[in-house]
There are 2 protein chains.
Amino acid sequence: MADKYDSLKLDNQICFPLYAVSKEIIRKYKPFLEEIDLTYTQYIAMMVLWEDRCICVKDMGAKLFLDSGTLTPVLKTLEKKGYLTRRRSDEDERVLNVEVTEEGMKLRDRALDVPGKIGQCIALESDEAVSLYKILRKMLGQF
Amino acid sequence: MADKYDSLKLDNQICFPLYAVSKEIIRKYKPFLEEIDLTYTQYIAMMVLWEDRCICVKDMGAKLFLDSGTLTPVLKTLEKKGYLTRRRSDEDERVLNVEVTEEGMKLRDRALDVPGKIGQCIALESDEAVSLYKILRKMLGQF
DNA sequence: TAAAATTAAATTGCATACAATCTAACTATA
DNA sequence: TATAGTTAGATTGTATGCAATTTAATTTTA
């Protein structure tokens, strides 16, 4: 029954369904986020700003698990859209502070129904959602 | 305590940790997969071929949740590496059959220790791994 | 304090992802 | 059976994502 290659079967992977589910959910976000002219990456960047108002690229990267190679173009796009400003720190010129604009804060109200819409797409029992959340958070803590 | 914007906090998202954990694990794969000259996407494509030997692009896409826009260049790269052949079906010229080569099958032996190495990086209790797997599979089934 | 080391972003190069479009081939139907 | 519709892959364009490198600024250290 069991052969030495079982561990390489797609159905026995734990990472693959993680990868696939993640992509599929982000795909579900697309139509809702398009209504407020954001991509998923832009959306999570704005989430950070909606909470922190002003944060440097490094700290935002730490929260989002993204490096400057990814964040720089995303933040430049959001700046062009008028949702944030980018300004070097006065104390340390290496640091770039990203600050949400009034327009950026207004966007939050337009995003308010996105989480609910996504919740409807996922359809997990609440106990499943809780344990999924806990396990993922535990894993994130290990990185 | 609770405000109307709570649902938009990064810490209250279920998709974000899914997205972040998925990326971080794929990053963990990188050094192990580099030893056998594969990227993660190439690795899961090879996994399908190690099981099925010959499969068309559409069916592989259904298994991997990837479309031809992603798969075509991945399969062309794997063809260049000599791990598979690409040939139009005789019965239906629209269909492209992808078949693993002997060289591609040899690669499976070199990949045998990858799952174990990744398992050590993840460090989940076995009950957590089981419920994570079950929940993700259930979600995948809904797409 | 001058040189070395470190740090934060930006840049470059490569590999995905995916929507939208295109092309060729097959199928259904009037 | 001619035509409309459908299907499978490939292509195009845009947006990530990340490793590696670069640049400028700051910190450490000899």
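Basis for what follows: all heavy atoms, side chains included, without hydrogens, waters or symmetry-related copies. Below, chains carry the letters A, B, ... as their sequence lines are ordered, and counting in each starts from 1. Please read all numbers here as calculations on a predicted model, not as lab measurements.
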Do B:Y43 and B:Y29 make the cut of ring centroids closer than 6.0 angstrom? yes

Provide, to the nearest angstrom, the distance between the [atom1] atom belonging to [X] and the [atom2] atom belonging to [N].
{"X": "B:D90", "N": "C:dA25", "atom1": "CG", "atom2": "P", "answer": "14 Å"}
{"X": "B:L38", "N": "C:dC14", "atom1": "CG", "atom2": "C1'", "answer": "16 Å"}
{"X": "B:K76", "N": "C:dA15", "atom1": "NZ", "atom2": "P", "answer": "14 Å"}
{"X": "B:L78", "N": "C:dA15", "atom1": "CG", "atom2": "P", "answer": "11 Å"}
{"X": "B:L96", "N": "D:dG9", "atom1": "CG", "atom2": "C1'", "answer": "7 Å"}
{"X": "B:D67", "N": "D:dA10", "atom1": "CG", "atom2": "P", "answer": "11 Å"}
{"X": "B:L75", "N": "D:dA10", "atom1": "CG", "atom2": "P", "answer": "8 Å"}
{"X": "A:K58", "N": "D:dA25", "atom1": "NZ", "atom2": "P", "answer": "19 Å"}

Check: B:Y83 main-chain N/O paired with B:T101 side-chain donor or acceptor under 3.5 Å: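 Checked: pair present.
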
Check this one for me: any side-chain N or O of [X] less than 4.0 Å away from OP1 or OP2 of [N]?
{"X": "B:R27", "N": "D:dA19", "result": "yes"}
{"X": "B:Y19", "N": "D:dT16", "result": "no"}
{"X": "B:T41", "N": "C:dA17", "result": "yes"}
{"X": "B:T72", "N": "D:dT11", "result": "no"}
{"X": "B:S68", "N": "D:dA10", "result": "no"}

Tell me whether B:K106 is salt-bridged to B:E103, with the criterion being a basic N under 4.0 Å from an acidic carboxylate O.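 Looking at B:K106 and B:E103, the cut-off is met.
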
Could you tell me whether [X] contacts a base, only the sugar-phosphate backbone, or nothing, with contacts defined as non-hydrogen atoms closer than 4.0 Å?
{"X": "B:L66", "value": "sugar-phosphate"}
{"X": "B:T70", "value": "base"}
{"X": "B:E91", "value": "sugar-phosphate"}
{"X": "B:D92", "value": "sugar-phosphate"}

If you assign each of A:S89 and A:V74 to its closest nucleotide in DNA chain D, which residue comes earlier from the 5' end?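 Its nucleotide being nearer the 5' end, the pick is A:V74.
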
Which distance, rounded to the nearest 0.5 Å, do you find between the CD1 of A:I122 and the CG of A:L132?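 The CD1 atom of A:I122 sits 8.5 Å away from the CG atom of A:L132.
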
Nearest-neighbour nucleotide for the B:T39 side chain, C:dA15, D:dG9, C:dC26 considered: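 Comparing C:dA15, D:dG9, C:dC26 against the side chain of B:T39, the answer is C:dA15.
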
More than 12 heavy atoms of other groups within 6.0 Å of A:K23 NZ: yes

What do the steps show when you test B:D92 against B:R94 for salt bridge (charged side-chain N to carboxylate O under 4.0 Å, His left out), and what is the final call? CA-CA 5 Å; B:D92 187 338; B:R94 290 171 304 180; 2.7 Å; yes

5' priority, DNA chain C, between A:E34 and B:R94 [closest heavy atom]: A:E34

Using heavy-atom distances to pick each residue's nearest nucleotide on DNA chain C, tell me which of B:Q42 and A:R86 is more 5'.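 That would be A:R86.
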
